[in-house]
Amino acid sequence: MAKQPNILFIMSDDHAAHAMSCYNSKINETPQLDRIANEGMRFDNCFCTNSICAPSRAAILTGQYNHVNGVRTLADNLDGRKPNVQKILQKHDYQTAIVGKWHLGHGKDHDPTGFDYWNVLPGQGEYHDPKMIEMGEEKHYQGYVTDIITDISLDWLKNCSQDKPFMLMCHHKAPHRPWEPDEKHAHMYEDIAIPEPVTFNDDYANRSNAAKEATMRVDRDLTKTDLKIEPPPNLSSQERKSWNYQRYIKDYLRVVASIDDNVGRILDYLEEEGLAEDTIVMYTSDQGFFLGDHGWYDKRFMYEESLRMPFIVRYPRAIEPGAVTDDMALNVDFAETWLDYTGIDIPNHMQGTSLRPVMEKRTPDNWQTSLYYRYWEHLSEPHKVGAHYGLRTKRYKLIYYYGKSFGATNSSHETRTPEWELFDLKEDPYEMNNVYHNKAYGETVKDLKEELYLLQRKVKDEA
């Protein structure tokens, strides 16, 4: 049997693909992340199944949709007594560790399980001088959280046995709100204006009321904690919106720059120690993020900037350098991919599909061409995004805002009139024109609804 690969899974929090230069970012450069893409494969259609932190993390660990693994909202904790991919790897003699953001609960049944070593942030964690919980014991660290997570990860790698493969999850807090940069990057972009996105001045016309109602707008909903200084006096409303955006986006990109530097540190270590050839390196984020797109920050919606995850993978023994794919990938596919590459049978309780054939350019003819998405936090504070589910195919996106809570623990019990949206992504890539009520799309709506309900049954989401 061929040698089992090491696995290094690096995940950030809220890092949008369009803030990475390997994804043709117009606003920043990420040279270290680009190394992974240039030496491996870039996925252009990788999506989450619920665009919010804890549910995405649970989907990645379990290979299950959130209605199955039980983590539907930020208020739900992962049940550590249930199976996860780390337990399977550990049982097959892998050395396993997680360092950084956990965000799936703490205490007897919610601390990380399946890990030989864990050292995680409590809750969301702090950017500066963070507390961390190491194997159940609270510790205080001095310094910047992205550097600290990398330091601890490297220390663990240096102490690994050379006789067994490892699986390390290095989970960065950044670039989660409120975007506090370190001293090294504090003055990046100071003398330049970051371009505003095409949809920055979206007025939400011809769209759902859910889009109009959401409270995550750059012009009015960013707080003093986000902006950090008072705005200049006598700004017009449009000038104030642009000023807010520059404050927000520059700090966001500064904390991304720290991630990029620290990813480079780990890549350098793998090369210096002769581990690069035998290590699968993956970089992703738990979901996408609005970078002023549609005038928003945050995520949650099924719109592209929130739905799409960056996903780049390097494994010299199997993946050609410089490869790019538009084949569809989901966060519920990651665990199955790790097991496939390690030669371990994928259990029946997992709901995703190994991405290995895609990575090796032998995509099956029947590969997935659509995805099912569900966001459960109906009108939760502070962002007030209506609960919805939907279908995305290569060309179309159908979204249903069902207007009520289905018992999710972080939802409001306010009701709204149900609404549908349909976007033709070929004709309208920025999702500005809801064509659900356009008679020309009547047959398309019928076909997409059939596929949506078929996928719901397939993933066993009956509620």
Side-chain angles (χ1 to χ4, degrees), residues 7 9 11 13 48-50 52-126 130-140 149 152-153 156 166-173 176 286-287 331-332 334-336 338-339 344 346-352 374-377 380 405-411 459-463:
I7 303 168
F9 180 70
M11 181 162 65
D13 191 326
C48 59
T49 53
N50 182 355
I52 198 165
C53 302
S56 182
R57 291 162 191 274
I60 289 168
L61 276 170
T62 63
Q64 296 174 326
Y65 287 79
N66 298 127
H67 58 277
V68 176
N69 65 42
V71 185
R72 298 179 295 178
T73 75
L74 292 177
D76 298 318
N77 295 328
L78 184 66
D79 187 342
R81 297 167 295 183
K82 293 183 178 180
N84 67 36
V85 68
Q86 301 301 326
K87 293 179 182 178
I88 298 170
L89 291 169
Q90 194 179 48
K91 190 179 295 184
H92 287 81
D93 226 20
Y94 264 76
Q95 303 167 92
T96 59
I98 182 170
V99 179
K101 184 170 178 181
W102 170 243
H103 210 228
L104 290 167
H106 296 289
K108 181 181 176 183
D109 295 326
H110 306 303
D111 282 329
T113 55
F115 297 94
D116 301 319
Y117 176 79
W118 53 274
N119 194 347
V120 298
L121 296 164
Q124 184 56 49
E126 300 292 336
K131 296 177 184 177
M132 297 185 73
I133 304 172
E134 182 183 41
M135 305 294 285
E137 180 183 350
E138 186 176 287
K139 294 190 173 183
H140 291 72
I149 290 168
I152 297 169
S153 296
W156 184 81
F166 65 77
M167 198 304 184
L168 169 63
M169 304 186 98
C170 175
H171 287 188
H172 290 296
K173 168 189 169 61
H176 194 281
D286 48 5
Q287 66 262 319
N331 57 353
V332 291
F334 294 176
E336 294 83 345
W338 300 328
L339 296 179
I344 301 170
I346 299 168
N348 291 332
H349 68 259
M350 289 187 174
Q351 296 179 285
R374 185 165 185 177
Y375 172 76
W376 296 80
E377 286 197 13
S380 64
S405 169
F406 274 96
T409 51
N410 203 32
S411 292
V459 304
K460 302 177 181 177
D461 185 13
E462 308 295 339

Atom [atom1] in [X], atom [atom2] in [Y]: separation rounded to 0.5 Å?
{"X": "R81", "Y": "K108", "atom1": "CZ", "atom2": "NZ", "answer": "8.0 Å"}
{"X": "L61", "Y": "L104", "atom1": "CG", "atom2": "CG", "answer": "6.5 Å"}
{"X": "T73", "Y": "E377", "atom1": "OG1", "atom2": "CD", "answer": "5.0 Å"}
{"X": "I344", "Y": "Y94", "atom1": "CD1", "atom2": "OH", "answer": "6.5 Å"}
{"X": "I7", "Y": "F166", "atom1": "CD1", "atom2": "CZ", "answer": "9.0 Å"}
{"X": "N84", "Y": "T113", "atom1": "CG", "atom2": "OG1", "answer": "4.5 Å"}

Check for a donor-acceptor pair, side chain of [X] on one end and backbone N or O of [Y] on the other, with a separation under 3.5 Å.
{"X": "W102", "Y": "H110", "value": "yes"}
{"X": "E138", "Y": "K131", "value": "no"}
{"X": "D109", "Y": "D79", "value": "no"}
{"X": "N50", "Y": "R72", "value": "yes"}
{"X": "S411", "Y": "W376", "value": "yes"}
{"X": "K91", "Y": "G114", "value": "no"}
{"X": "N69", "Y": "Q64", "value": "yes"}
{"X": "H67", "Y": "V459", "value": "yes"}

Within a reach of under 6.0 Å around CD of Q90, are more than 12 heavy atoms found that belong to other residues, nucleotides or ligands?
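Yes, the 6.0 Å shell around CD holds more than 12 heavy atoms from other groups.
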Set out, in order, the CA-CA distance, both residues' side-chain angles and the distance that settles side-chain contact (heavy atoms from CB on, under 4.5 Å) for M11 and N331, then state yes or no.
CA-CA 12 Å; M11 181 162 65; N331 57 353; over 6 Å; no
Hey, does [Y] have a side-chain heavy atom less than 4.5 Å from the side chain of [X]?
{"X": "I152", "Y": "Y117", "result": "yes"}
{"X": "C53", "Y": "Q287", "result": "yes"}
{"X": "I133", "Y": "W118", "result": "yes"}
{"X": "Q95", "Y": "W156", "result": "yes"}
{"X": "E336", "Y": "I346", "result": "yes"}
{"X": "L339", "Y": "P347", "result": "yes"}
{"X": "R57", "Y": "H103", "result": "yes"}
{"X": "H171", "Y": "L121", "result": "no"}

Over all atoms of both residues, closest heavy-atom pair of [X] and [Y]:
{"X": "S153", "Y": "L168", "answer": "CB-CD2, 3.9 Å"}
{"X": "S56", "Y": "C48", "answer": "OG-CB, 4.5 Å"}
{"X": "A75", "Y": "T409", "answer": "CB-OG1, 3.5 Å"}
{"X": "I60", "Y": "A335", "answer": "O-CB, 3.6 Å"}
{"X": "K173", "Y": "G125", "answer": "NZ-O, 3.1 Å"}
{"X": "M169", "Y": "Q86", "answer": "SD-NE2, 3.2 Å"}

Between T62 and L78, does the side-chain contact (heavy atoms from CB on, under 4.5 Å) criterion hold? Intermediate values first, please.
CA-CA 10 Å; T62 63; L78 184 66; 4.1 Å; yes
Option passing side chain to side chain donor-acceptor pair (under 3.5 Å) with K101 (candidates H172, Q124, H176):
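Result for side chain to side chain donor-acceptor pair (under 3.5 Å) with K101: Q124.
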Side-chain donor-acceptor contact under 3.5 Å, N410 with S380:
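Not at all, the side chains of N410 and S380 share no donor-acceptor pair under 3.5 Å.
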